[in-house]
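These numbers come from a predicted model, not from an experiment. Just so it is clear: chains get the letters A, B, ... in the order the sequence lines come, proteins before strands, and each one is counted from 1.
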There are 2 protein chains.
Amino acid sequence: MPGSSGRVRLSDVAAHAGVSAKTVSNVLHNHPHVSAETRAKVEASLATLGYRVNLSARALASRQTGFIALAIPGLDNPYYAQLASHVMDAAAEHDWMVLIEQTRSSVDLERAVVSGGGARLVDGVILQPDAISQAELSDRFAHQNLVLIGEGGATASSDHVTTDAVAAARAVAAHLIEQGRTRIATIGIQPQMRANASELRYRGLCQALDAAGLPVRSEYLAPVDRTRRPEAAAAVDHLLALPEPPDAILCFNDLVGSGALARLRERGIAVPTEIAVAGFDDNEESRFTAPPLTSVSWDLEGLARRCVDRLLARSRPGGADLPPVRSVVSHRLAVRESTVGQLAVDEDAALQA
Amino acid sequence: MPGSSGRVRLSDVAAHAGVSAKTVSNVLHNHPHVSAETRAKVEASLATLGYRVNLSARALASRQTGFIALAIPGLDNPYYAQLASHVMDAAAEHDWMVLIEQTRSSVDLERAVVSGGGARLVDGVILQPDAISQAELSDRFAHQNLVLIGEGGATASSDHVTTDAVAAARAVAAHLIEQGRTRIATIGIQPQMRANASELRYRGLCQALDAAGLPVRSEYLAPVDRTRRPEAAAAVDHLLALPEPPDAILCFNDLVGSGALARLRERGIAVPTEIAVAGFDDNEESRFTAPPLTSVSWDLEGLARRCVDRLLARSRPGGADLPPVRSVVSHRLAVRESTVGQLAVDEDAALQA
DNA sequence: GTGAAAGCGCTAACAT
DNA sequence: ATGTTAGCGCTTTCAC
């Protein structure tokens with residue numbers, strides 16, 4: 001049992017080892033210029049005294065807190081939980097800790113994050129904006145270590161890690177059209193909301209429709225207040241009540257997709273026979289819905305890593321003056337039974353054809 | 001636009017307002033003994049200079065970091081994401097920030113958390129133990145601000161916020177028996193794993209079976225490596241291959257429940273007609289599975305609040321000597337269609353009877 | 001009610 | 001390769 005873990009200071013270790021504080025610090029930071037025997041001596045004292053660094057003191061002296069903030073709408077969306085998990089892993093590789101901030105898609109909270117919050121605390125911020133306007137993002141506080149996640153792409157004043165929302169939406173829509181769908185509705189995609197991916201995903205859908213010579217029909221655009229499971233039911237009902245109901249629904253995310261599938265089931269509509277359903281984000285859940293949900297899968301690990309790398313680059317000496325970088329992470333379409341009836345994944349699927 | 005947000009120190013504010021640093025600090029902390037006009041003056045300076053407190057310095061001087069750690073297996077389980085969300089809310093009410101630590105159910109990581117980690121950083125720790133043994137928990141480092149979440153209940157040396165796992169399992173099992181089920185299997189419940197709730201949940205099941213005069217059949221205990229959706233399939237297959245397959249499956253959590261439902265569907269087994277399924281945790285997803293999943297719902301908000309309250313009590317002067325407190329949060333059974341076929345929730349459900 | 005001075009525990013020049 | 005000296009920006013006795 002190493003040490004009784006009281007308040008052991010670095011200077012105590014130095015005294016115990018018979019060296020100066022600087023030497024202890026050198027050992028702690030793996031500085032090269034420490035003789036092997038000194039190092040051993042210090043490490044022994046470190047262990048017997050049970051020294052644990054005081055991060056507040058280190059942060060104050062070094063002007064580096066070792067924290068980065070990750071601001072996301074909320075952990076209750078598995079997509080963001082997943083993202084947070086990846087960011088924490090990527091950050092840990094550089095000895096950074098992650099402070100998760102839930103913005104709840106509130107403009108005020110997002111604004112607070114962008115402007116650095118009320119306190120001086122983090123070395124950098126990763127923000128997934130949702131409610132705040134692009135204009136405000138590019139305007140304010142472009143000087144601080146801020147990486148934006150998202151698909152807007154218009155912000156030239158800070159680092160940006162994005163996905164190609166238009167291409168992804170085009171791909172999933174094209175897949176739907178390939179399956180013979182011509183009346184493709186959407187749930188949760190709101191082209192007027194400019195902070196999140198809505199507009200771009202809608203654009204991708206329109207491009208695919210255009211390319212196939214199909215009309216873009218505005219009555220197929222079902223809005224929801226929040227893009228979550230419970231909200232999907234009313235939107236599905238709305239679409240089913242249309243004179244000519246859709247034969248496919250592209251959902252803003254898998255949460256909405258899951259809710260839509262549930263409602264279609266309640267209404268006795270066969271998926272995909274009568275209506276195909278697809279989503280975005282490829283939540284793990286989507287491999288287990290009835291039927292499994294076709295979805296766009298983002299490279300979340302790459303996304304997280306790039307965000308952290310950008311912050312790292314900027315926090316190095318001289319990094320603050322680096323020009324803003326924009327990088328795009330990859331995606332792929334995970335095709336499942338919600339859009340292709342006869343996908344023969346195994347012997348059982350064939351029975352249901 | 002208040003201040004150009006450079007490095008404004010408290011002493012700068014003091015100089016600008018023509019007062020001492022102590023007075024500025026008093027204003028910041030809402031100390032009563034500040035005259036109204038002084039306060040106004042200081043607040044004006046605070047605003048025009050755009051002062052933001054340096055939390056590292058505050059932490060160093062005050063010996064309080066303002067952080068608590070929440071150590072959970074991982075955010076990818078929606079149950080823990082939800083818990084984290086509640087803890088963050090409860091902590092925010094006391095101006096605490098939450099540092100989320102993913103233990104991945106690793107003994108070493110849990111041990112590191114219990115022993116305070118390598119660094120002096122947080123004011124307290126909330127740990128949901130999973131892999132570490134009870135013995136180790138009560139042994140080591142009982143002196144630090146540690147609140148244990150969980151159902152073990154045996155640890156007398158630190159604060160403990162638990163659920164009544166036995167009662168909850170008894171309730172859901174009794175419900176299953178009421179529905180006429182006599183062959184109740186379980187997936188993911190591993191009585192030999194003593195850190196998580198397995199043993200207690202199994203005990204509750206046994207109690208309910210005993211009370212109904214039904215036999216406890218060990219072949220109905222299907223283990224899994226990890227209690228997650230993908231692992232459920234093999235367990236379901238195992239149970240279906242039994243000479244006398246079960247007519248109900250009680251899953252360790254809703255993740256397993258979701259995976260079990262998916263596999264039963266693939267195998268063409270009707271739920272609940274042939275096999276009823278129930279879970280624990282009441283994930284939001286479980287209201288949208290096919291069919292919706294009966295589950296035990298814990299009072300997560302209450303759980304989070306109590307954990308934070310306990311930490312708060314201990315971090316107050318003299319709080320360290322408080323005797324360990326054990327408190328139990330409530331639960332209720334959310335009954336859904338996976339266990340009762342004819343539950344007439346709406347007009348459509350009746351058709352499927 | 002407000003001010004002056006002494007640290008909190010660490011890092012970072014600079015010196016040796 | 002190791003020691004010396006100043007702070008980092010805040011809180012906190014203790015005077016006044």
Side-chain angles (χ1 to χ4, degrees), chain A residues 5-43 45-46 49-67 95 116 118-123 315 317, chain B residues 5-43 45-46 49-67 95 116 118-123 315 317:
Chain A
S5 111
R7 338 193 138 293
V8 182
R9 286 153 307 161
L10 190 144
S11 62
D12 298 331
V13 178
H16 185 269
V19 299
S20 79
K22 168 67 173 151
T23 302
V24 178
S25 182
N26 282 345
V27 171
L28 251 26
H29 291 272
N30 284 315
H31 274 271
H33 296 298
V34 183
S35 74
E37 62 174 332
T38 307
R39 178 180 299 277
K41 207 168 47 178
V42 170
E43 274 168 350
S45 299
L46 246 19
L49 261 39
Y51 172 78
R52 296 185 304 144
V53 62
N54 180 324
L55 290 186
S56 305
R58 169 178 291 177
L60 180 57
S62 68
R63 264 147 289 220
Q64 299 230 328
T65 64
F67 285 110
D95 293 315
R120 206 170 280 283
L121 172 61
V122 295
D123 295 335
S315 69
Chain B
S5 112
R7 339 193 137 291
V8 182
R9 285 154 309 164
L10 192 145
S11 62
D12 297 331
V13 177
H16 184 270
V19 298
S20 79
K22 168 66 172 149
T23 302
V24 178
S25 181
N26 281 345
V27 170
L28 252 26
H29 290 272
N30 284 317
H31 274 273
H33 296 298
V34 183
S35 75
E37 60 174 334
T38 306
R39 178 180 299 276
K41 209 167 47 180
V42 170
E43 274 168 350
S45 300
L46 245 20
L49 261 41
Y51 173 78
R52 296 186 304 143
V53 63
N54 180 324
L55 290 184
S56 305
R58 170 176 291 177
L60 180 56
S62 68
R63 266 145 288 217
Q64 299 230 328
T65 64
F67 285 109
D95 293 315
R120 206 169 281 281
L121 172 63
V122 296
D123 295 336
S315 68

Task: Between D:dT11 (C1') and B:L10 (CG): distance, integer Å - done: 9 Å
Open item on the list: In whole Å, I'd like the distance from the CZ atom of B:R9 to the P atom of D:dT11.
Closed with: 14 Å
Open item on the list: For a quick test of reading the model, state the closest non-hydrogen atom pair linking B:Y51 to B:L10 and the distance between them.
Closed with: CE1-N, 3.4 Å
Task: Rounded interatomic separation in angstrom, taking CG from B:L49 and P from D:dG9 - done: 14 Å
Task: Option passing side chain to side chain contact (heavy atoms under 4.5 Å, CB included) with A:V24 (candidates A:V42, A:D12, A:T38, A:V34) - done: A:V42
Open item on the list: Both A:A21 and B:N26 contact DNA chain C. Taking the nearest nucleotide for each, which residue is further toward the 5' end?
Closed with: B:N26
TODO: Please determine if a side-chain N or O atom of B:S20 lies less than 4.0 Å away from the OP1 or OP2 oxygen of C:dT2.
DONE: no
- [ ] List the steps and the verdict of side-chain contact (heavy atoms from CB on, under 4.5 Å) for B:R63 and A:N54.
- [x] CA-CA 10 Å; B:R63 266 145 288 217; A:N54 180 324; over 6 Å; no
- [ ] Look only at the side chain of B:T65 and the backbone of B:L121, and say whether a donor-acceptor pair between them is shorter than 3.5 Å.
- [x] yes
Open item on the list: Measure CZ/B:R7 against P/D:dC10 and give the value in whole Å, please.
Closed with: 11 Å
Open item on the list: By the 4.0 Å heavy-atom rule, please label B:S56 as base, sugar-phosphate, or nothing.
Closed with: nothing
- [ ] Using only side-chain N and O atoms of B:T23, determine if any of them is under 4.0 Å from OP1 or OP2 of C:dG3.
- [x] yes
- [ ] Output yes when at least one side-chain N/O atom of A:T38 is less than 4.0 Å from OP1 or OP2 of D:dT2, else no.
- [x] yes
TODO: Name the closest nucleotide to the A:N54 side chain, picking from C:dG9, D:dT2, C:dT2.
DONE: C:dG9
Open item on the list: Distance check, rounded to the nearest 0.5 Å: B:S62 atom OG versus B:D123 atom CG?
Closed with: 8.0 Å
Open item on the list: Expected output is a numbered-order residue list: members of residues 57-67 of chain A with a heavy atom under 4.0 Å from any atom of DNA chain C. What is it?
Closed with: A:A57, A:R58, A:A61, A:S62
Open item on the list: Using OP1 and OP2 only, check whether a side-chain N or O of B:S35 sits under 4.0 Å from C:dT2.
Closed with: yes
TODO: Report the distance from atom OH of B:Y51 to atom C1' of D:dT11, rounded to the nearest whole Å.
DONE: 11 Å
TODO: Determine the minimum heavy-atom distance between A:K41 and A:A17, stating which atoms define it.
DONE: CE-O, 3.5 Å
Task: Exam field: side chain B:S25 to backbone B:A21, donor-acceptor pair closer than 3.5 Å - done: no
Task: d(CG, B:L28; P, D:dT12) in whole Å - done: 12 Å
- [ ] Send over the distance from B:L121 CG to C:dG9 C1', rounded to a whole Å.
- [x] 14 Å
Open item on the list: Measure NZ/A:K22 against P/D:dT2 and give the value in whole Å, please.
Closed with: 11 Å
TODO: Would you please confirm or rule out a distance under 4.0 Å between OP1 or OP2 of D:dT11 and any side-chain N or O of B:H29?
DONE: yes
